[in-house]
Each structure stands twice: as C-alpha cells, then as structure tokens.
Amino acid sequence: MRRFKTIVLLTFAVVFLHSCSLDFSSKHLKLLYWQAPSMLNPFLSSGTKDMEAASIVIEPLARYDANANRIPILATKIPTIENGGIPEDRRSITWHLREDVVWSDGTPLTAHDVVFSWQYCTHEEAGCTAKDSFRDVEQVVAVNDHTVRIDFVKPNPFPFGPFVGSICPVLQAEQFKDCLGLRAQECTRENFYPIGTGPYIVDRFRANDTVVYRANPRYREEDKPFFRKVVIKGGGDAPSAARAVLQTGEFDYAWNLQIEPEVLSSMRESGKGEVVTAFGSQVERIMVNQTNNDASLDSDTRSVFMDGNNPHPFLSDLSVRRALSLAIDRQVLVDIGYGIAGEPTCNVISLPEQYVSKINDDCKIQDIEEANRILDEAGWVRGTDGIRAKDGVRLSLLYQTSTNSVRQGTQSLIKDMWQQIGVETELRNIDAAVFFGSDAGSPDTLQKFYADVQMYTNSFEGNDPSNYVEGWQCENVPGPHNQWVGVNISRGCSEEYDMLLETLSETFDPAQRIVIIKQLNDMVVQNYWEIPLIHRARVSAKSNSLKGFELNGWDSELWNIADWYREE
Amino acid sequence: MLKYLSKRLLFAIPTLIVISFVLFALLDLAPNDPTGNLPQTIPPEVREEIRESLGLNKPFHIRYFKWMQQFFINEPLNLIEEVTGLEIGDSESRLRVRSWLTRSPVVDLIIERLPQTLWVVGLSYIVGIMIALPIGVISAYKQYSWFDQIGTFISMVGFSVPTFFTGLVMILIFSVGLSWLPSIYDTTHVVRDLPSLWFQIKQMAMPVTVLAFYNAAQLSRFMRASVLENLNLDYVRTARAKGLHDRAILLKHILRNSMLPVVTMIALGVPTIFTGAIITEQVFRVNGIGQLLITGIQSADIPLVQSLSFLFAVLIVLFNLLADVIYGILDPRIRYE
Amino acid sequence: MALEKAATAAQSIQDARENPSPWMIVWIALKNHKGALVGAGVFTFIVLVVLIGPFIYTVDPILTDSSALSQGISWNHPLGTDNLGRDMLARMLSGGRIALAVGFAAMLLSLFVGTAIGVIAGYYKRLDGPLMRLTDLFLALPLLPLLLVIIMLFRETLRSAFGPEMGIFFLIVFVIGITSWMQTARIVRGETLALKEREFVLAATSMGTSGWHIITSHILPNILSPIMVSATLGIANAIITESTLSFLGLGFPPDFPTWGRLLFDGASQIGTEGSTARVIWPGLAISLTVLSVNYIGDALRDAIDPRVRNK
C-alpha cells in the first residue's frame, strides 16, 4: 500500500514539474476541428482539414471571398484582359507580387517561390493533391523578382487554377528545396512547420491532435492579427464539437457541423454562440446508373458503359428516372436532415448566381400522383406486393451512399417516398473512406457504382464551373479501360452534350459561356442522369464574442482569420 | 528458470512474426483507400498518383519485407542513436516507417501520444487497483455480508455497463447538466501552478473515473475469489487453531498468498494501458494511442495501424511472460522445467 | 461391449454422487444466490419481451414519420420517437432481438471452437503443443483493432452473399466468436487433462474404446459445468462487443437498429430535446442484460467451485 501512495505522490510531483502552459486569456483563439489536421503542407494533405489548418500560415496569390469574388492576397491585383494581365489569346496569365510581403523568417517573397511551388507540385513522384490546378500549364516563369507568368498549352478561358484558393498556395522555395519528388515524404519538419506569409506562425504541431500558432510579427498588415495565439484542437465528432462551442463555450469556433438540424437548434438555445452557414457549390445529388450493374455480370461488364450497349434494365427508361425525381419531397429532406444547412435544389450548379438555371424549379414540389401517372403510362404495372414491374423487370433499386447519419436518414426518407410510387428500395451504406476512395481493386467505390442509384455531394473548385461541366462527357465514363478513373459517374452520355461542350471550349465571351453552361446543366438534370436534391451550405459554429468572422463557402473557412478579434 | 525464460522467449519470436504477417495481410486486403478523405474535386488520376507516391502499388511481399526491415532494424537503430547520441552507419538515408496520413515517422507519433495515454489510462489503472484490493479482501472476509452484497453489485455493474455508456452518462451529468467538468481533453495543457493543476485534475476526472471503475470492478472480483480460496485452506485453519487473531491471519497470511494470482492479473492487464482504452479516449476526446489507432483505421493509414497493432501484440506477449516470471518469483512452489 | 457398458454405468453412478447434473448445479446455484435469482428473472423477462414483444407491439421499427419527430413519451409512442420519427419502443424491441441473437450465436460459436480445441489439446498429447501455441497466438492478438479491420475487410463480401442484414450478422457473430474462444479452450483443456487420469476414463481407454467415443460420452458430459460458466461470460462479452462495434459506427448499418447502434445514434444527439432518453434506454437495456447474465455466471462459478462455496 505504501508503494501506491508513493506512486500517487510522484504522479502529482511530475504534474507539477511540467513547465509553461497556455492560459486562457482573451488573447487566445480556440478552434475545434473534429477531424484533426494531419500535416500543414496542403500539397500532400489527406483532406480539407489539413488545407484549412495550413491556410492560416501559407497563402495563395489570390483567394475567393465569401461572395465568390477573387481577391488578391500575395498579388497586387487580379489579372484581367483590361489590365493586361491576360492576353487576348488567353494563353497565359501574369501576376504581380506585392513587394511588402516577407516570409515569417524575414526573407522576401519572390517570383522564384511561385515557380518553385509549381515545380514542387508537378514533380512526377510528388503525389501532389493540387496537381489538377496545374492542368494545361506549360510553364511558370519568373519574369522578374516580383512578376510571374503562367503559360498554358492552349487558350484557357479560365486561367485561375494555379495559385488561387487554399488548395494551391505558394511554398517557400528555400525551405522546401530539398523536398522535391519522393523526398517530399521525408520532410517531416517542413511538412509540420511550413514557413509562411500568413498572419500566424506554427508554434507547435501535434499530428492528428493539436496545432498551436502564434502571431506573425512580420505580417504585412500592421496591428494584425489580433490574437496572440491560435489553437486548433482536433478529434471527436461533429455533435460534440458543436456542443463545445454552443453549449459549454469551451471553444470559439467549430468547423463543419453536418449534424441534424434539431440538434444544432437546441444547442443554440444555450446562447453561448451562433450557427453560421455559407453556400458554395456543394450539391447533394442522386446519381442514376445508366448501365447494367447486375451482380451476376463479370467485372468487365458490370456497370461498364460499353458505348451504350450495356443499358440498365429499367433506369435507362427516362420516365422511371423522372418519376423517381418527382416522388421526392426535397423540402422534407432539408427540414429533417439539413435545416439551415441546406435548400432544395433542382440544378447541379446551384451557385454562383449567374450560372443558375431557373427552368427546372418545378422539381421542388413533390408530385406523387404525377409520378404514378407517368409510370402507369410507361407500362409499369403494380404487382400484388405493390411493386411495379414490366416484362418481368421489377422496379427494385439498390441505393448506396456513404455512412453518415444524415445520409442514412435521407436514404430512409426517400425509400419511403419511392415506396409510394411502387418502387422498392434496398439501402446500403459504405464506409466513407472506401466509398470516396478510388482504389481500383475495391468493389465499393463510387466510381465502380455497383448499385442502381447512389447519393453524395459534389462540387467544383473555385467559382467557375467550366471544368465541372466537362465531367459529363462520354469519354469521362469510368470503366476498366481507364482503371475506373473518370468523373462521369452516372454514365450518362449523349452526343448533343459533347457537341455543346465543344462549343463551350471555343467560346471566350463570358456572357455566352454562362448561357452554354446553363444549357449543359439543364441537359444533365432533364436527362435525370443526376437527381439534384439539396444545395448544401457549410455550417460552422462560433462563439458570441468572436467578431470579424465571415464564413466562406468558396475557400478556406479561415480565409480572413487575420481580421478575427474578440469583443468581450 | 533461465532456461525456461529463454525457451519462452524463443517461442515468442515466431509467434510475433506470424502475428505481424497476419496483421499485414489483413490490412493489405482491407478495401480502404488513403485518398478517401480528399475533397471530391480532386480527380481520380491525381489520387492514383498520390497512391503511387505512397508506395501502395508495389507488390505485397516487397512492402511486407520493407516494413519488417524498417520496423525491426531501422527504427531500433534510430532509437539507440537518439538515446546514446552515437551515429551508427548512414542514419540520414535510413528509411523509417512513415504514416501515410502525416508522412512523419510512426514511432515519433507514438512517442508523442504516449504521455496522454499513460496519464489517463495508467492513472486509472492505479486508482482502480487501489480501490479494488481492499474491497475484494473485505468482501471475501465477510462473504455474503451487506458489504459483500453491495460490493458485488457495484463491481458487477462496473464490468457489465459498457464504458461508452458510463462515459456518456457522465458527460450528460457533469458537462452538459452541471457544466462542472470539460468534455474535451486538452492535450496541450501543461501544469505549472495550482490553477492549472486544478484544471488538469478536472479534465482527467471523468475519463479516469470511468476507466478506474471498470478496472476496479474486474479486479475486486478477482481479489475476492482469491481470498475466498485461501480462507478455506489448511494453513488458515492451523493458524486459527493456534489461536491467532483473525485480523492477523488475514493481513499476514491470507493477504500475502492471495495476492499472488492478483499480481499476475495486474501484470497481464498492463498492455491494456497502452492499447489505450480506445472507447474511453474516443468518448472524452483524449487524443492518445487509442485515438491514433482509430484515426489510422478510418483513414486507411496502413503503416500506422500495422505498427501500432504489432506493438500491442509485443506488449501482450511480453507481459504474459512477465506475469509468469513474477508468479514464479513470488511463489516458490512453482518450478519451471 | 458389455464391459464398456458396465464402465459407463459405473461412471454415471459416480457422476451422480460426485458431479450433480449441470441443471442441478444451475438450480442449486440460483437457489443459493439471491442476486443470481433476480438476474435470471430479469434475463428471462428481457428475452421474453424481446421475443414476444414484436408480436404484440406491431409498429414497424424502420418506418419514418415526419409528423412525429423527436417526440417524448406518449400513448402512440410509449418510449417516444427518434429524430426521424421512428418509434423507439419498436426499435428497442427489434434491437434487442438482434443483440440477443448475436449474443447467443457468438457464444455458441466461441464455445464450440473453444471446447473442441480444449478437448483435443487435452486428450491427444501430440496435438497439445501446437493447439496451445495457437491459443497463445490468438491471445496475443490485439483484438479490437483486429475486429475493426476484419469487419471492414469482409463486410461487403458477406453482405453480397447473404444480404445486408444476415451478412453483417454472420460477420459479427463470426468475428466475436473467433476472437473469444481462448479462455474456454484453456479451461476445457485443464479439465480434460484431469479427467483423463480418472479411473473410468482409464478403464474405457484400456478396453480400447475409441478416442471420439471417450470424448463424447465420458469427457464432455463431465466438463459441462465449466462450459456453462464460459457460456454466460460468452453471452455477456458478445453483447458488449457488438454494442462497442456499433458504437464505433462499424457494426450493423444505421437502418438496422441494434442497442449499440441506437446508443450511438442517441449519443450523437446529446443535448437536444428527448435525446437523453434515447441514450438512456438502449444503454440501460445493454447494461441490464449483461448484468443479469453476469450474475447468473457468478452464481454458477460459486456453485461448481467447491473452494469458494459457503464456509
């Protein structure tokens, strides 16, 4: 027994001997990310959480603000045709860097850093997450110390991929010069403690747990930032993160709170904080498989497009797809699963405003009668069990999505609605890491699509859907021929669509491009390759005393953290 | 004794190798993808390149042997270098076991996580033992008394109620209801004065209580059984016949003898301190070893999960051995062949 | 043949004297142990409610009702509804069926494997070494990570083979069974080793009775009591493991309520109206079931272990 006492005494002694602590004064900002940051190099990151945590430190040339406008960060202005930053032939873009920006180690930011970042990310063995931002980039050239020109291999109507937004920032060449290619993996110190130009500097990084930042004394704007310390704590789940801000007040801000609306609203009643939302391009949709995915087919045939020679037994019938969409009461889905975090939508492009088509909005009203009528008319007759069938084909669906309580709730609501039009639904959910992973060996990825319908959220990078609409080209259908890479998941394919896309690539007039993009959206929606359900917002919670905060649906949520301050 | 030990150790090596292989093979088959948590806007070709850069596309046996080499040769060498300050061979280019998620050495991650786990789980283990032993002894000594009945009931409740339920109920009461205790464990908090010590105690209170309760419940039952067994043995009767006081018999003879199996039991339980009460860490957001493992599993970080679960296996084997040895030292009747 | 019969007869007489039948033990154990008597009562009650309940209370556990979300206790919904308007009582009942089914099935599997390995290792000296090494190996495996990995691994395969519900059921039962047989095997081996030296077994062996016969008619009946103790522990362990897996979100799918899953769902909504009840009910159900089973097991252990019997 005496030994135990000694142990306990020792225990407390050791606790005492620990040195230096965080005190919780108003000068400290505490952020809660229920998915903890794993590293602070966005080019190697494994998820949005890493990019967000890194965006406090390292910055791009330009960002998107809360209204999807581009704002210059490290650049002096946004290049346009008018100011000469973009030539008439649209084969390059020229950025001028601010001359007053220094890295947190005191060295100046130069065009060389920008060129290096391009080399770093496009190095063959790097495995860089932002590589797609550099597509069609021929070279990045330092014209002088503070001017950078990016050349494209062909005329590029949207030259704002490279170095715009938190996904593709500028690294310090000096720090990362020995980390090219495969070496990138071994630069632990660099990946954990990147030198940046942002308002805060990494003080302590504990992978998958906590990041502590301190104010950057060399930050370009005087008197900013307002906090001495910023802490990002990670781990747990979204509901408890919300609780920590809204109910117990332990934290100032909690990120990405996709939880049941009633949970949020009842937590809000504690009055310690508020829930903020911001809409971006995220749309939760149901993909309708256009190919036969029967389990008895072999892997070269199952869910393979085969130039249209492998159609789905009943989802290839437009009237069935239409009825499925009509039977869904999107408002109910929003009320139960999303609340203020979502709005019913009938388009795959639901923001920015100028790209949004208005002609599909009648889908927002559920019409079971009409859906039943369409199915009756198309010859789908109810059997004794209430399930419709035609020529021995039953309307029985396998409906898959990722495991997530909101999605499972939505699934069972939709199952109920489809029951009313005589469609039987089997629900299935797959672990998110598998479903969204693209392991060509796994049968459960969304690319394989071994189901009749599947549901998830898709969005596009930046504020321009040009690359996004290219997704529905016939050649983007995933299959064994391209190791299942390809983004045309529903396998919808039409010549008309591809031709219109061709026209888009030759059109440079912004107004005209918008018209075409809207038409493309309408084709996707009216063919019911995809059934848009909910325009989703980002939801976060912040404490009442935190000011200067503006939630952004287009960039990192911490995009303006330099302006955040506390008002007691 | 030495012969027995070396024989057992020799057996442990093939066992561990088989375990490492089984773990590796299982993890390799698991249909998980480290790029699964990336934003949807990242196209599949880029994901493929990321997987390539992680070495995922190499054949199975190459990856396995690479891991073996890194884990059994490189990492121990690094540790030796770090401790002694010597430089052995070309330490710069020595490959280390790296987590896919953080691209940092797995061993560093584990070392970083150890303190939290040791604090919370270790402390709860000690507290659990301190509660369990007296309760077990008294329960046995006064078998079927009201103390025994209540003690039995509480310890039965202790190991019947899952820790996630007790944890949730505590959060409901003390964090949400009364808001006395924080529901999130702050791993960066460092104690330097009385208020910060108070905070540390507050944040450790719930996880430690939940775990200690659970450990104590199991151990006190075991202690009770062990004392009961001894109570009916001849030497106790002899001692009574000699006119020794009951209390003296209990403290001097019975306690010593019945501690034997209990000490073994305690040794056997030590690895669980490290496997970290996965559930408790999850419920109270103590980002320790258990939470590291769960994140690893969720994000398909194979090198991390492989190394961690293998380390657990090593600990289990080692402490099993240790338990046997302790038993042998404490109980002279046991002879090893 | 006749001799063998005589030996069997002699053995059964001896059995009756020394080893009362397992059911006798159960009865004696329960009779002398108030806690166990209550436990047995509670357990029987839970089993009956869960088995018969759904026939009396015929509400569909997965029917969503958007007009009755997150309701409290009422006549329509005796335990309220969850956030999708599903009836909690119906979900508790069907969740209980699954939890108990998993408990029993996994226990049977683990007993079967454990007993088989234990008896074979104890009876055949040649196999003792390898089988016990195998047991040690399993004991050294870190179970929870392994469980999680196996479930991720085979989930979809089994799902496509047996359907979403049965597939997961088989998987979870298999996984729990296959990782919890080791203690049973050790105990059974010990008992078998002891029995092997007893006169009636020696007699049967010397008469040339086959090993299989000796195991089934002499050894197994005599080790039923420790097996029964293992059984109670097995059920308790299986129910807890299932709920733990579900609690980590890796057990049964969300549209398939089990107590663990209900607790998991309830926990994510802590802090909202009525969510406390959604945490308490399933948590209480799991705890009560396991508690009552443990009490029975405790009494059994006391009863068959003469060393700890009443002074």
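Note that this is a predicted model, so its numbers are computed, not measured. Letters go in sequence order (proteins before strands), and every chain restarts at 1.
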Anything under 3.5 Å between a donor and an acceptor, one on a side chain of residues 308-316 of chain B, the other on a protein residue two or more places apart or in another chain? List them.
{"unit_1": "Ser309(B)", "atom_1": "OG", "unit_2": "Val305(B)", "atom_2": "O", "d": "2.4"}

- request: For the pair Leu291(C) and Val161(B), evaluate side chain to side chain contact (heavy atoms under 4.5 Å, CB included) and give the outcome as yes or no after the intermediate values.
  value: CA-CA 7 Å; Leu291(C) 185 63; Val161(B) 181; over 6 Å; no

query: With a 4.5 angstrom heavy-atom cut-off, which part of Val283(B) approaches chain C: side chain, backbone, both or neither?
result: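 For Val283(B), the contact with chain C is made by the side chain alone.
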
- prompt: So which part of Thr152(B) gets closer than 4.5 Å to some heavy atom of chain C, the side chain, the backbone, both or neither?
  reply: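 For Thr152(B), the contact with chain C is made by backbone and side chain together.
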
Taking all atoms of both residues into account, what is the closest heavy-atom pair of [X] and [Y], and its distance?
X: Phe165(B); Y: Val279(C); value: CE1-O, 3.5 Å
X: Phe153(B); Y: Tyr295(C); value: CA-OH, 3.1 Å
X: Ile286(C); Y: Pro162(B); value: CG2-CG, 3.9 Å

Around atom [atom1] of [X], are there more than 12 heavy atoms of other residues, nucleotides or ligands at under 6.0 Å?
X: Phe24(B); atom1: CZ; answer: yes
X: Phe45(C); atom1: CZ; answer: no
X: Tyr64(B); atom1: OH; answer: yes

message: Heavy-atom pairs under 4.5 Å with chain B: which of Gly260(C), Ser243(C), Ala236(C) has the most?
response: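 Looking at each option in turn, the highest pair count goes to Ser243(C).
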
query: Hey, what do you get for OG1 (Thr15(B)) to CG (Leu139(C)), rounding to the nearest 0.5 Å?
result: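 Between atom OG1 of Thr15(B) and atom CG of Leu139(C) there are 11.0 Å.
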
Interatomic spacing from OG in Ser292(C) to CE in Met156(B) - rounded to 0.5 Å: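 One finds 9.5 Å between OG of Ser292(C) and CE of Met156(B).
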
task: Take Val18(B) and Leu137(C) through the side chain to side chain contact (heavy atoms under 4.5 Å, CB included) test and state the conclusion after the steps.
output: CA-CA 8 Å; Val18(B) 172; Leu137(C) 197 140; 3.7 Å; yes

query: Considering only heavy atoms, which portion of Ile239(C) lies under 4.5 Å from any heavy atom of chain B: side chain, backbone, both, or neither?
result: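 Interface part for Ile239(C): neither.
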
